[in-house]
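Accompanying notes for the structure given below.
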Amino acid sequence: MNAAPLPEFLPFTRPAIDEETIAAVGDVLRSGWITSGPKVQAFEAALSALFGGRTVRAFNSGTITLEIALQLAGVAPGDEVITTPLSWVATANVILHLGAHPVFVDIDPLTRNIDLEQIEAAITLKTKAIIPVDLAGLPVDRDRLYAIARRHGLRVIEDAAQSLGSNWKGKAIGADGDFVSFSFHANKNLTTGEGGALVLPANIDPALCERLRLQGVKRQGGGEMDVDVAGHKGNLTDIAAAIGLGQLKHLAAFTERRRALARRYMAALEAAPILGLRLPLADFAQSNWHMFQVLLPLERMSLSRAGFIAALRERNIGAGVHYPAIHLFSLYRALGYREGDFPHAEDVGRRTLTLPLFPAMSDADVGAVCANMADLLNNAPL
Ligand SMILES: *Cc1c(COP(=O)(O)O)cnc(C)c1O
């Protein structure tokens, strides 16, 4: 394999926006109406069609989407919410915003998602809800998760920020379940720049969701209004929705391309193994491969993870860390969490490295990334 540095910088991700989408944004900007309007409604309808006709509302971030979902689920101060310590910190921060307590449950090292075996031991009389996260797009086992939730009368807020386009046993993530929350941040598989969307269960009033989204305002006609709840400022713009509508046309192709690239990574790293490097679970049917993440053999490396990322950067290869375990951040340590509480999440959090993977990346790029990693890791002095 050729371990030459890449001629141009290869980021770990890059959005794919076509000219038609750029033109559609221009049309919105010229239309005289640029905040929430017809494009947001069309985007919500298109998402709903993707999720078997379920009710969908759009927001200006995945974080506010999650927070409003928790409010709609009835999470209140003092309640406990069970989630994974291996996620973007937004997943846990929204629990704190509501005055509730995040209760972490360690991950299954195989899937790197919440360990379903350990959830029941964490349930108390104060537990209100579970937030599963489909890390890197790999879906949590929905059958087992909902069986636990039903047995204990808990609500589920699926943090599907990374799993748009993934499926559970052939059914699109979002088409089933309780609350399902998505993010359209620039790095996600489908982007609006910043944005999010919530799939609502049938027993939740969409009008209440809309009031929580925009200042609690209830319009009564002729300019009259009432406010019965302190809502957020969470509405999406038509500018962003136009990007989302343009992206949706490519979602299936994006997912297919990501799966092909992930297969290529697996094949390359199996054909020319790097000693001690651990690969992700080989799910090419359900995962949307939001990220391709390897675990570094830190013990036998002469470089730290940060040093390795810098060495890759010198070879024009971008790599990222998603994520250090949440409970070890100072904010969460201050709540009483300590090193050793969740050994699997800590281990993955220390070793994980996200390699370049995005639809416009070439097959040759995968080979070059693997060859350069092998060159740095296999040939490094011990
Ligand atoms: C991106 C992400 C979020 C937050 O979404 P934003 O749109 O950035 O607010 C929440 N949870 C997970 C797992 C994410 O990856």
Side-chain angles (χ1 to χ4, degrees), residues 12-15 40 43 47 56-71 73 75 81-98 102 104-105 107 111-114 129-140 145 156-166 173-174 177 179-199 212-213 232-237 239-241 243-244 247 258 280 287-293 320-327 329 331-332 345 348-349 352 354 357-358:
F12 73 82
T13 193
R14 181 192 284 152
V40 168
F43 185 44
L47 287 167
V56 178
R57 290 295 178 269
F59 298 85
N60 57 29
S61 79
T63 305
I64 198 65
T65 304
L66 269 179
E67 185 168 341
I68 289 176
L70 286 170
Q71 281 185 289
V75 172
V81 178
I82 293 174
T83 192
T84 168
L86 196 70
S87 180
W88 177 228
V89 69
T91 308
N93 280 349
V94 294
I95 301 171
L96 294 179
H97 283 163
L98 294 178
F104 298 113
V105 167
I107 58 159
T111 62
R112 305 172 191 167
N113 285 329
I114 193 165
I130 309 174
I131 310 182
V133 177
D134 303 315
L135 190 70
L138 183 74
V140 168
L145 175 81
V156 175
I157 297 94
E158 298 182 23
D159 182 351
Q162 302 184 4
S163 53
L164 183 67
S166 299
I173 296 299
F179 294 91
V180 188
S181 173
F182 294 99
S183 163
F184 307 127
H185 173 263
N187 286 353
K188 300 303 195 307
N189 286 27
L190 182 146
T191 187
T192 59
E194 298 282 1
L198 182 63
V199 183
L212 287 171
R213 179 170 65 179
H232 302 270
K233 171 64 186 178
N235 58 302
L236 189 71
T237 67
I239 304 168
I243 303 173
Q247 289 267 286
R258 284 173 174 278
S287 176
N288 66 1
W289 290 93
H290 171 57
M291 296 186 280
F292 189 91
Q293 300 182 297
V321 173
H322 308 92
Y323 306 91
I326 294 172
H327 67 285
F329 291 138
L331 173 66
Y332 289 86
V348 173
T352 192
T354 305
L357 177 59
F358 53 92

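Note that ligands are numbered from 1 as they come in the structure, with each ligand's atoms numbered from 1 the same way.
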What residue and heavy atom of the protein are closest to [atom], and at what distance?
| atom | answer |
| --- | --- |
| atom 14 (C) of ligand 1 | A161 CB, 3.3 Å |
| atom 15 (O) of ligand 1 | Q162 NE2, 2.8 Å |
| atom 10 (C) of ligand 1 | D159 OD2, 3.6 Å |
| atom 4 (C) of ligand 1 | T63 OG1, 3.6 Å |
| atom 5 (O) of ligand 1 | S183 OG, 3.2 Å |
| atom 8 (O) of ligand 1 | H185 CB, 3.9 Å |

As an exercise, state the distance from [atom1] of [X] to [atom2] of [Y], rounded to the nearest 0.5 Å.
| X | Y | atom1 | atom2 | result |
| --- | --- | --- | --- | --- |
| Q293 | R112 | CD | CZ | 6.5 Å |
| Q247 | T192 | CD | OG1 | 8.5 Å |
| L135 | S287 | CG | OG | 9.5 Å |
| H322 | T354 | NE2 | OG1 | 5.0 Å |
| L198 | E67 | CG | CD | 12.5 Å |

Does D134 use its side chain to pair, donor to acceptor, with the backbone of Q162 at less than 3.5 Å?
->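 It does not hold such a pair.
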So, does D159 use its side chain to make a donor-acceptor pair with the main chain of L66 at under 3.5 Å?
->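 Not a single qualifying donor-acceptor pair exists.
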Whether G196 lies under 4.0 Å from ligand 1, heavy atom |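 False for this residue.
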Measuring from the heavy atoms of S181, does anything fall under 4.0 Å of ligand 1?
->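 False for this residue.
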Pull out every atom of ligand 1 sitting under 4.0 Å from any heavy atom of [X], numbered as shown with elements.
| X | result |
| --- | --- |
| G195 | 7 (O) |
| V133 | 13 (C) |
| W88 | 2 (C), 3 (C), 4 (C), 12 (C), 14 (C) |
| G62 | 5 (O), 6 (P), 7 (O), 9 (O) |
| K188 | 1 (C), 2 (C), 14 (C), 15 (O) |
| Y323 | 15 (O) |
| S87 | 13 (C) |

Reference residue V89; test side-chain contact (heavy atoms from CB on, under 4.5 Å); the match among I326, T63, L331 =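 Checked I326, T63, L331 against V89; only one passes side-chain contact (heavy atoms from CB on, under 4.5 Å): I326.
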Would you say the side chain of L70 lies within less than 4.5 Å of the side chain of V94, judging by non-hydrogen atoms?
->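 They are in side-chain contact.
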Of all heavy-atom pairs between H290 and G137, which one has the smallest distance, and what is that distance?
->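 Smallest interatomic distance, heavy atoms only, reads CB-N, 4.1 Å.
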